[in-house]
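Following: one structure in structure tokens, then a few remarks.
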Protein chains: 2
Amino acid sequence: MQDVSLEALRHSASHILAQALKRLYGKVRLGIGPSIEQGFYYDVEMEHRLVPDDLSAIEEAMKAIVKENLPIESRTLDRKEAIELFSERDEPYKLELIREMPQNEVISIYQQGEFLDLCKGPHVESTGEVKFFKLLSIAGAYWRGSEKNPMLQRVYGTAFYDKKELKQYLFNLEEAKKRDHRKLGRELQLFFFDENIGSGLSVWLPKGAKLRQIIEQYLIEKHEKNGYQYIRTPHLGLSGLWETSGHLSYYRESMFPAMDIEHQQYMVKPMNCPFHMAVYTNDMHSYKELPIRLFELANVYRNEKSGVLHGLLRVRGFTQDDAHIFCMPDQLEQEIKNAMELTRDILNDFGFQQYKIYLSVRDKNNPDQKYIGDPQQWDIIENQFEEIVQRMDLEYQVDPGEAKFYGPAIDIKIKDALHREWQCTTIQVDFNLPTRFKLNYIGEDGQEHLPMVIHRALLGSMERFISILLEHYGGDLPVWLAPVQIRLVPISDDNLAYVLKVAQSLKDHGFRAEVDQRNDRMNAKIRRAEKEKIPFVAIAGKTEEEESTLSIRLRHGKNLGNMPIASFIELMEQYVREKTCAA
Amino acid sequence: MQDVSLEALRHSASHILAQALKRLYGKVRLGIGPSIEQGFYYDVEMEHRLVPDDLSAIEEAMKAIVKENLPIESRTLDRKEAIELFSERDEPYKLELIREMPQNEVISIYQQGEFLDLCKGPHVESTGEVKFFKLLSIAGAYWRGSEKNPMLQRVYGTAFYDKKELKQYLFNLEEAKKRDHRKLGRELQLFFFDENIGSGLSVWLPKGAKLRQIIEQYLIEKHEKNGYQYIRTPHLGLSGLWETSGHLSYYRESMFPAMDIEHQQYMVKPMNCPFHMAVYTNDMHSYKELPIRLFELANVYRNEKSGVLHGLLRVRGFTQDDAHIFCMPDQLEQEIKNAMELTRDILNDFGFQQYKIYLSVRDKNNPDQKYIGDPQQWDIIENQFEEIVQRMDLEYQVDPGEAKFYGPAIDIKIKDALHREWQCTTIQVDFNLPTRFKLNYIGEDGQEHLPMVIHRALLGSMERFISILLEHYGGDLPVWLAPVQIRLVPISDDNLAYVLKVAQSLKDHGFRAEVDQRNDRMNAKIRRAEKEKIPFVAIAGKTEEEESTLSIRLRHGKNLGNMPIASFIELMEQYVREKTCAA
């Protein structure tokens with residue numbers, strides 16, 4: 001939720017921006033200028049084509065308006081007066097907006113000095129209050145978002161009440177650019193995209209594949225320890241699977257088209273559910289076996305529009321850490337609780353301590369929304385959700401109307417180092433699948449019963465999660481995740497044999513160690529290792545060889561000095577065990 | 001190669017079979033009756049519909065013919081005589097064959113007693129020589145393989161000179177049935193197929209997925225130790241990839257059809273090559289970096305006809321242990337040698353000591369066969385192949401004309417416990433890919449050069465290899481591969497806590513241990529573990545608990561008696577290290 005007074009401040013900043021533009025460039029026709037989540041913008045039509053270098057002059061003009069401390073005053077007009085006023089001032093876009101308003105609507109305008117705008121407010125009281133602002137960028141934007149309309153010029157900016165907050169925001173913005181996972185992916189040689197291969201399909205280079213392998217191995221072990229069974233299902237299947245699940249009727253647009261093989265339609269899977277249902281129905285089940293928890297690292301493909309693709313955050317092919325839990329109704333609460341605790345545990349291991357829980361429940365006041373399943377069961381589960389997150393002492397928000405038609409869900413957004421929220425985890429109860437796939441188990445009474453199904457992905461997508469991880473750490477991955485943990489550098493060729501021996505010993509201890517044998521100077525090798533964000537650089541010359549030590553540097557230059565190899569191994573083991581960075 | 005005299009023996013056995021059928025069923029019209037790789041068959045048309053129970057009566061009639069020791073004599077006829085003879089005997093199928101022969105062809109017939117056949121021989125001298133034979137099965141077969149022709153009845157059999165060989169063959173046949181991987185896959189709950197999911201698409205249950213995970217983990221480590229880099233590429237890509245590789249022009253029929261996304265054609269990959277080429281060309285390469293070895297566990301999909309699908313042996317979706325090696329011409333020999341040694345090493349780890357090498361080279365005498373690449377380079381490589389296998393002291397065979405147009409190859413067939421040969425490994429030099437994908441590296445001279453590419457898969461396909469592995473071991477997987485290595489059985493509930501503690505300690509040592517906590521009697525639990533082919537059953541009662549021991553049984557009942565836990569762990573570690581079975 002946006003702070004109302006911050007919204008007013010930013011809205012006023014957008015008016016000051018428009019006023020400054022008019023002062024600087026004369027004939028400027030106003031589009032709209034709202035406050036937005038992270039700041040504000042104003043869309044204008046004018047002859048001068050803005051370039052980034054113009055922004056500082058505009059800021060200066062804005063500062064002058066702030067200094068003038070003009071009162072910001074509102075008044076109301078009737079329709080006729082408003083049309084006259086904005087016709088006089090040659091503001092065709094404002095006129096268009098007024099003409100579309102209902103006939104008897106009272107029209108509100110805000111004025112500060114010579115500047116006035118059609119506007120509902122609210123605003124701060126005078127321009128002098130807008131002390132801490134910054135213009136950020138220029139873009140083109142079609143009037144009212146339609147490409148049939150003229151293209152206006154948009155200036156983005158932000159404003160805060162507090163100087164430190166503005167500074168932090170601008171710092172985060174710069175950081176986010178530096179931490180852009182697409183940039184890091186290239187620099188650290190983790191993955192790439194190739195238009196000849198296809199949009200939204202990531203290719204994983206050795207270091208990226210190693211990172212994935214570490215995470216996937218970790219996930220499989222973690223899930224097995226928590227009573228899940230790891231399975232593997234095909235990447236494609238007959239279209240009938242998604243007819244049964246219902247995806248073909250409401251999700252077809254997001255699916256890749258079918259492939260005809262011997263008059264049968266095969267599709268690459270957009271969802272994994274039908275396969276896990278098939279694994280369940282492949283055998284009979286007794287109540288004694290429940291809960292059954294099937295886990296897969298499932299490669300799914302979705303037909304996302306090329307326009308919305310964005311690095312690893314939004315792709316066409318991705319890998320879900322997908323599981324379906326089959327249980328009896330009286331086991332549901334415990335299973336949800338276990339899934340929540342496993343989520344907390346896993347996110348914690350990856351270094352995410354902050355997250356927000358969203359409970360997607362029914363909107364009971366909206367009779368148009370249809371839900372399948374027993375309303376009483378919905379009530380019970382929605383209550384259980386709230387009790388569970390309360391007992392776990394987690395920050396949460398209830399979102400009525402956000403539940404899918406087939407069941408309520410717990411969604412979790414993690415907060416990264418730059419305080420951005422990322423949707424990752426979803427834990428959903430599914431009333432749809434058990435009936436559609438005719439699931440059953442034999443109860444204690446010897447009769448067939450319908451099991452409950454929980455559908456959950458904790459990290460969400462491997463690709464997306466890795467992009468968040470990279471941006472969270474700015475590429476400085478914790479030691480347990482770093483594809484290369486130690487780069488060993490011999491001071492001269494005389495020490496190479498020693499360094500190779502030590503490297504082998506580190507490898508035998510399960511560490512990912514590499515020796516830089518290139519024909520380069522030592523300092524170049526150290527700089528290269530730091531650029532590759534390798535947690536440890538271990539340097540060895542005559543002294544180290546004689547003393548059986550290594551001279552250890554962390555990736556941002558901190559020098560740990562000479563360490564006996566055994567101590568270094570202990571240190572590494574501690575980092576890996578505690579899943580911490582080394583910086 | 002088939003032994004010529006064994007072929008004659010079996011061919012004679014097929015005549016004796018036909019003679020016996022005529023004696024038993026009167027009006028029998030003869031189709032053809034050749035010797036085949038593992039025996040012989042005869043196709044006949046007759047009124048009586050054969051059932052398996054008839055086979056022993058037919059065998060008795062055959063034994064009588066053998067006892068009569070009829071001389072087998074050949075003579076030649078001209079076309080007219082032959083037509084007269086077979087018209088008289090009402091053999092319309094033989095007449096059809098005669099009429100299709102060239103006008104002046106001399107026609108040969110073989111006769112034994114009252115039976116005669118159109119036949120080129122060779123045969124043994126008399127029916128008395130065919131001492132050791134066995135009829136095996138009955139099938140239907142269209143005359144000359146065409147469904148437009150009448151369906152004949154086929155009787156299969158086999159024959160040997162040596163009684164022991166026949167016995168061994170029949171034993172192997174029974175064993176092969178017992179070891180059928182489809183049967184074992186079901187019984188051991190490893191994988192299944194589901195017609196609702198699609199033909200030839202395997203679904204891996206927890207134990208099967210575990211087996212795959214063990215093998216894949218092993219392969220990744222083994223390859224990394226041998227200088228390969230593990231990468232991951234998408235399961236689909238734009239059709240242009242296979243236009244560039246050339247697959248679309250000569251392999252399209254085996255590919256799944258294209259999927260249209262925003263007017264671009266996507267295809268699930270039948271081959272991995274274009275992706276590995278893209279990884280190579282994603283960066284510049286210097287001669288100093290070569291050889292570069294890219295390895296992937298690549299999921300490919302091929303449009304196999306549903307009629308040829310067979311369990312895991314022939315599927316539509318499979319996972320190759322695929323690698324491409326990029327090297328300079330003078331590195332090629334060493335790289336081939338390394339790949340061969342890695343193959344030997346890996347096959348040995350899986351317990352395959354016997355295999356046969358096939359060198360697929362050009363047919364220099366056939367001017368119609370076109371090969372790309374420099375003939376001199378072909379000569380060099382073909383010679384290198386032979387030198388390498390000779391130096392490695394491996395049994396091999398040169399197959400002229402078997403090379404693909406794009407390069408020579410070394411193919412390896414492994415022999416399983418039943419002496420069956422299975423094609424697994426292929427190591428191919430590819431003259432096609434480097435030019436098509438415009439690969440290059442900067443040489444020592446600062447100029448661009450074309451690298452060589454070796455394309456290799458050592459196990460071939462994970463699915464196929466696992467089916468061979470299962471049949472080779474009859475499901476008794478070596479300890480390092482067994483999805484569950486130890487099943488712990490408490491003698492009574494009093495010992496459960498002890499058994500659970502021991503199980504946890506075994507797990508902490510990295511073993512896959514399970515406790516059978518079902519409400520069953522101890523003997524039932526032991527039987528179940530043996531049926532599941534779990535290498536070790538560890539039983540613990542009062543004595544074991546007091547002595548901190550386990551009573552260990554191997555999966556086929558052998559009792560190792562009570563062992564201290566530490567000794568058992570040592571024993572297990574030895575089995576895992578030595579990659580041996582426990583039986």
Side-chain angles (χ1 to χ4, degrees), chain A residues 189 191-192 194-199 201-210 212-213 217 220 224-225 228-238 240-241 244 256-262 264 266-268 274-275 278-279 281-283 288 294 296 299 301 303 305-306 316-317 507 518-519, chain B residues 189 191-192 194-199 201-210 212-213 217 220 224-225 228-238 240-241 244 256-262 264 266-268 274-275 278-279 281-283 288 294 296 299 301 303 305-306 316-317 507 518-519:
Chain A
Q189 293 188 290
F191 58 86
F192 69 92
D194 179 344
E195 58 180 20
N196 294 321
I197 285 175
S199 305
L201 299 173
S202 53
V203 184
W204 293 78
L205 293 164
K207 285 183 190 160
K210 180 54 68 187
R212 289 193 60 158
Q213 196 196 344
Q217 194 69 24
I220 293 171
E224 283 180 343
K225 271 194 190 147
Y228 288 79
Q229 297 181 294
Y230 172 62
I231 59 170
R232 304 249 297 236
T233 69
H235 308 96
L236 42 91
L238 287 169
L241 296 171
T244 306
F256 273 65
M259 298 168 283
D260 185 295
I261 298 285
E262 295 180 1
Q264 288 191 301
Y266 284 84
M267 303 183 99
V268 292
F275 293 91
V279 169
T281 54
N282 180 53
D283 212 340
K288 290 181 197 164
L294 301 178
E296 182 168 14
N299 305 111
Y301 286 88
N303 182 2
K305 297 242 180 321
S306 53
R316 282 189 176 149
K507 282 183 201 174
R518 284 197 253 188
N519 197 11
Chain B
Q189 293 188 291
F191 59 85
F192 69 93
D194 179 343
E195 59 181 20
N196 293 321
I197 286 176
S199 306
L201 299 173
S202 53
V203 184
W204 293 77
L205 293 163
K207 285 183 189 160
K210 181 55 67 187
R212 288 193 59 159
Q213 195 195 345
Q217 195 70 24
I220 293 171
E224 285 180 341
K225 273 198 189 145
Y228 287 78
Q229 297 180 295
Y230 172 61
I231 59 171
R232 304 250 296 237
T233 69
H235 308 96
L236 43 90
L238 288 169
L241 296 172
T244 305
F256 274 65
M259 297 168 283
D260 186 295
I261 298 285
E262 296 182 1
Q264 288 191 300
Y266 284 84
M267 304 182 98
V268 292
F275 293 91
V279 169
T281 56
N282 179 53
D283 212 340
K288 291 180 197 166
L294 301 178
E296 181 167 14
N299 305 111
Y301 287 88
N303 182 1
K305 297 243 181 319
S306 54
R316 282 188 175 148
K507 281 184 200 172
R518 285 197 252 188
N519 197 11

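Note that the coordinates shown come from a computational prediction; the quantities given were computed from them, not determined experimentally. The sequence lines fix the lettering, A, B, ..., with proteins before strands; numbering per chain opens at 1.
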Checklist entry - Is it the side chain or the backbone of A:D283 that comes within 4.5 Å of chain B heavy atoms, both, or neither? => result side chain

Checklist outcome for this item: If you tally heavy-atom pairs under 4.5 Å between each of A:T233, A:L294, A:N299 and chain B, the highest tally belongs to A:N299

Item to check | Under 4.5 Å from any heavy atom of chain A - which part of B:E195 | outcome: backbone

Item to check | Heavy-atom contact with chain A under 4.5 Å, split by part of B:L205 | outcome: both

Checklist entry - Relative to chain B, which of A:M267, A:Q264, A:K305 shows the most heavy atom pairs under 4.5 Å? => result A:K305

Checklist outcome for this item: On a heavy-atom basis, the closest approach of B:N282 and A:F192 is ND2-CD2, 3.3 Å

Next on the checklist: Heavy-atom cut-off 4.5 Å, strictly under: side chain, backbone, both or neither for B:R518 against chain A?
Outcome noted: neither

Checklist entry - Is the shortest heavy-atom distance from the side chain of A:P257 to the side chain of B:I261 under 4.5 Å? => result yes

Item to check | Residue part contacting chain B, namely of A:K288, when any heavy atom lies under 4.5 Å | outcome: neither

Next on the checklist: Looking at B:H235, is its backbone amide N or carbonyl O close enough to the side chain of A:Y301 to form a donor-acceptor pair, meaning the two atoms are under 3.5 Å apart?
Outcome noted: yes

Checklist outcome for this item: chain B shares the most heavy-atom pairs under 4.5 Å, among A:Q189, A:Q217, A:E296, with A:Q217

Item to check | Partners passing side chain to side chain donor-acceptor pair (under 3.5 Å) against B:S306 (at least two apart in sequence or in another chain) | outcome: A:E262

Checklist entry - So what's closer than 4.5 Å to chain A heavy atoms on B:F256: side chain, backbone, both or neither? => result both

Checklist outcome for this item: Counting heavy-atom pairs under 4.5 Å with chain B, the top scorer among A:D194, A:V203, A:I197 is A:I197

Item to check | Considering all heavy atoms, the nearest A:Y266-B:L201 contact | outcome: CE2-CD1, 3.8 Å

Next on the checklist: Heavy-atom pairs under 4.5 Å with chain A - which of B:Q213, B:K507, B:K207 has more of them than the others?
Outcome noted: B:Q213

Checklist entry - Taking all non-hydrogen atoms of both residues, which atom of B:A209 and which atom of A:R232 are closest, and how far apart? => result CB-CG, 3.8 Å

Checklist entry - Considering only heavy atoms, which portion of B:L236 lies under 4.5 Å from any heavy atom of chain A: side chain, backbone, both, or neither? => result both

Checklist entry - Side chain, backbone, both or neither: which part of B:T244 has a heavy atom under 4.5 Å from chain A? => result neither

